[in-house]
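Values reported hereafter were calculated over all heavy atoms of this structure, with side chains retained and with hydrogens, waters and symmetry mates removed. Each ligand, and each atom within it, is numbered from 1 in the order the structure gives. Please read these numbers as outputs of a predicted model, since none were measured by experiment.
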Amino acid sequence: MSKENILITGGAGFIGSELIRQLIKDQSKHVVNLDKLTYAGNLENLKSVEDKSNYTFAKGDICNNELLIELFEKYEITKVIHLAAESHVDRSISDPLLFVKTNLLGTASLLNAAKNYWDGNYENKLFYHISTDEVYGSLKMGKELFTESTSYDPRSPYSASKAGSDHLVRAFYHTYNFPVVISNCSNNYGPYQFPEKLIPLCINNIIKRKPLPIYGEGENIRDWLFVVDHAKAILTVLNKGQLGETYNIGGLNEWSNLDLVRVICKIMDEKLKRPVGDAEKSITFVKDRAGHDLRYAIDASKIKNELGWSPKYQFEEGISLTIDWYLNNQTWLSNVSSGDYQSYYKKQYG
Ligand code: NAD
Ligand code: TYD
């Protein structure tokens with residue numbers, strides 16, 4: 001039986017690498033991972049799959065049209081799962097054009113390459129776009145949740161560039177009958193997340209006894225999902241999602257930033273055998289993020305009712321596994337913090 005060739009973009013990042021680790025177990029699939037290896041891409045995340053016969057890595061940019069055509073033709077790609085993006089809100093505030101280029105122009109290039117290669121023959125083809133709940137804007141405190149019909153209201157250069165990419169994907173569906181599906185997920189946490197995002201940043205800083213910066217008063221709320229559950233949701237949508245549909249994915253797990261960091265402090269004091277209350281002393285309130293969205297929270301009932309997915313990990317288990325992973329992988333942490341991993345792979349891939 002010939003394998004199904006799936007192009008995954010951004011597979012060397014946090015979520016993409018978890019997705020590849022799960023997907024590669026299916027011998028009927030051949031995964032081609034296209035990644036530019038920006039600061040967020042790290043092939044160490046994929047050590048466990050790099051020698052598998054159904055895995056191929058290609059270093060490159062999703063904005064490179066010639067490379068895209070070459071990859072579609074060489075590997076006879078029938079499905080795309082598109083994760084490559086600039087993903088950090090704070091970086092989007094300091095460099096918005098990079099986010100427009102990668103997230104908007106990059107998605108347009110990828111859509112166009114797939115459309116040209118598939119050339120109207122859309123049977124068994126799929127373009128699956130991975131997006132974020134941040135496109136819906138910011139919720140007030142309370143019980144309201146983002147549903148798939150919530151109007152888009154992005155408020156950071158990151159979320160605006162992701163919203164634009166979602167619109168392009170839907171425009172291809174409506175204009176060309178191009179086969180798409182989109183999912184919008186809440187904040188992920190788990191192993192291999194770059195320590196610029198809140199959870200790994202705090203874990204890293206607690207290990208190193210550095211300050212734990214909380215923006216504003218720490219009252220902002222996020223809905224946290226374990227990355228293993230997100231990857232399982234992506235595989236569910238890949239296999240069962242309906243063309244043209246959007247699925248919201250979330251953890252039903254809202255935390256204010258301050259409460260979340262306090263929980264991490266408590267667990268880490270226990271795991272590191274430090275005195276009770278030790279880590280919390282390092283919490284430091286700093287200047288708020290510009291335009292800081294107050295609250296995100298997802299209604300994930302559509303994917304549960306229609307496709308049968310719901311998160312398997314309770315937060316207590318997921319966060320404990322995550323902290324253990326960082327404690328056991330401090331070389332990974334110091335390599336990504338120092339930038340060493342990039343010089344190593346530069347030698348291999350240029
Ligand atoms: P990440 O920043 O960890 O990884 C992004 C990957 O994309 C990296 O490997 C990077 O090298 C690659 N990349 C960046 N620009 C590229 C380009 N021009 N060409 C090719 N590759 C490029 O991101 P992540 O947290 O794994 O997020 C993956 C996707 O999921 C993104 O689209 C993001 O918007 C979305 N998402 C993330 C979260 C979250 O909490 N992390 C939540 C919802 C949705
Ligand atoms: P982050 O992990 O950057 O994800 P996002 O901005 O996509 O939600 O931030 C999560 C929350 O934590 C967000 O409300 C901003 C806040 N935050 C801090 O308070 N301090 C920090 O150092 C960082 C990185 C984030």
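Taking distance alone, with nitrogen or oxygen atoms compared against 3.5 Å, Asn257 approaches ligand 2 more closely than that limit. Of the polar atoms of Pro213, at least one N or O is found under 3.5 Å from an N or O of ligand 2, judged by distance alone. Taking any N or O of His292, backbone or side chain, at least one lies under 3.5 Å from an N or O belonging to ligand 2. Between Phe14 and ligand 1, at least one pair of N/O atoms sits closer than 3.5 Å. No N or O atom of Leu34 sits closer than 3.5 Å to an N or O atom of ligand 1. Note: no N/O pair closer than 3.5 Å links Tyr39 and ligand 1 by distance alone. Distances between N or O atoms of Gly11 and those of ligand 1 include no value under 3.5 Å. Looking at ligand 1, you won't find any N or O of His230 less than 3.5 Å from one of its N or O atoms.
Atoms of ligand 1 found under 4.0 Å from any heavy atom of Lys162 (numbered from 1 in listed order, with element): 31 (C), 32 (O), 33 (C), 34 (O). Set against the non-hydrogen atoms of Asn187, the atoms of ligand 1 under 4.0 Å away are 40 (O). Per-residue contacts place Gly60 under 4.0 angstrom from the following atoms of ligand 1 (heavy atoms of the residue considered): 19 (N), 20 (C). Which parts of ligand 1 touch Cys185 is read off a 4.0 Å heavy-atom cut-off, strictly below it: atoms 42 (C), 43 (C). Every atom of ligand 2 is numbered from 1 in the order shown, and the set under 4.0 Å from a heavy atom of Ile214 is 19 (O). Atoms of ligand 1 lying under 4.0 Å from any heavy atom of Ser131, numbered from 1 in the order shown and given with element: 43 (C), 44 (C). Atoms of ligand 1 found under 4.0 Å from any heavy atom of Thr38, numbered from 1 in the order shown, are 10 (C), 11 (O), 14 (C), 15 (N). Of all atoms in ligand 1, numbered sequentially from 1 with element shown, those under 4.0 Å from a heavy atom of Ser87 are 1 (P), 2 (O), 23 (O). Under a 4.0 Å criterion applied to the non-hydrogen atoms of Leu201, ligand 2 contributes the atoms 22 (O).
Looking only at distances, a side-chain donor or acceptor of Asn305 sits under 3.5 Å from a matching main-chain atom of Ser301. At distances below 3.5 Å, not a single donor-acceptor pair connects side-chain atoms of Asn54 with backbone N or O atoms of His30. Put simply, the side chain of Arg295 gets close to the backbone of Gly142: a donor and an acceptor are under 3.5 Å apart. Although no hydrogens or angles enter the test, the distance criterion places a donor-acceptor pair under 3.5 Å between the side chain of Asp269 and the main chain of Asp278.
Contacts between Leu37 and ligand 1, counted as non-hydrogen atom pairs separated by less than 4.0 Å, involve the backbone only. Counting heavy atoms under 4.0 Å from ligand 2, residue Asn187 touches it through the side chain alone. Counting heavy atoms closer than 4.0 Å to ligand 2, residue Glu196 contributes backbone atoms (N, CA, C, O) but none from C-beta onward. When non-hydrogen atoms are compared, ligand 2 lies under 4.0 Å from neither the backbone nor the side chain of Thr132.
Protein heavy atom at the shortest distance from atom 3 (O) of ligand 2 is Arg289 NH2, 3.1 Å. When hydrogens are left out, the protein atom nearest atom 7 (O) of ligand 2 is Glu134 OE2, 2.6 Å; that is the closest non-hydrogen contact. Protein heavy atom nearest atom 16 (C) of ligand 1, with residue, atom name and distance: Lys36 CB, 3.8 Å. Nearest protein neighbour of atom 11 (O) of ligand 1, counting heavy atoms only, is Asp35 OD1, 2.5 Å. Ranking the protein heavy atoms by distance from atom 18 (N) of ligand 1 puts Asp61 OD1, 2.9 Å first. Closest to atom 29 (C) of ligand 1 among all protein heavy atoms lies Leu83 O, 3.2 Å.
Ligand 1 is approached by Tyr158 to a heavy-atom distance shorter than 4.0 Å. Heavy-atom separations between Ser186 and ligand 1 include at least one value shorter than 4.0 Å.
Salt bridge status for Arg222 with Asp293: absent, with no side-chain N to carboxylate O gap under 4.0 Å.
Nearest-residue assignment for atom 23 (C) of ligand 2 (options Tyr215, Tyr189, Trp255, Tyr296; heavy-atom criterion): Tyr215. Taking each of Ala84, Ala85, Gly106 in turn, the one with a heavy atom nearest to atom 14 (C) of ligand 1 proves to be Ala85. In the candidate list Thr102, Leu225, Thr9, Thr102 is nearest to atom 15 (N) of ligand 1, counting heavy atoms. Ranked by closest heavy atom to atom 1 (P) of ligand 2, the top entry among Asn188, Leu258, Leu198 is Leu198. Residue Ile130 holds the heavy atom nearest to atom 30 (O) of ligand 1 of all those in Asn42, Val227, Ile130.
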Step by step, work out the salt bridge (charged side-chain N to carboxylate O under 4.0 Å, His left out) result for Lys47 and Glu44. CA-CA 5 Å; Lys47 271 260 171 277; Glu44 273 187 45; over 6 Å; no
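Phe178 pairs with exactly one of Tyr173, Tyr117, Tyr122 by the ring-ring contact (aromatic ring centres under 6.0 Å, His included) rule, that one being Tyr122.
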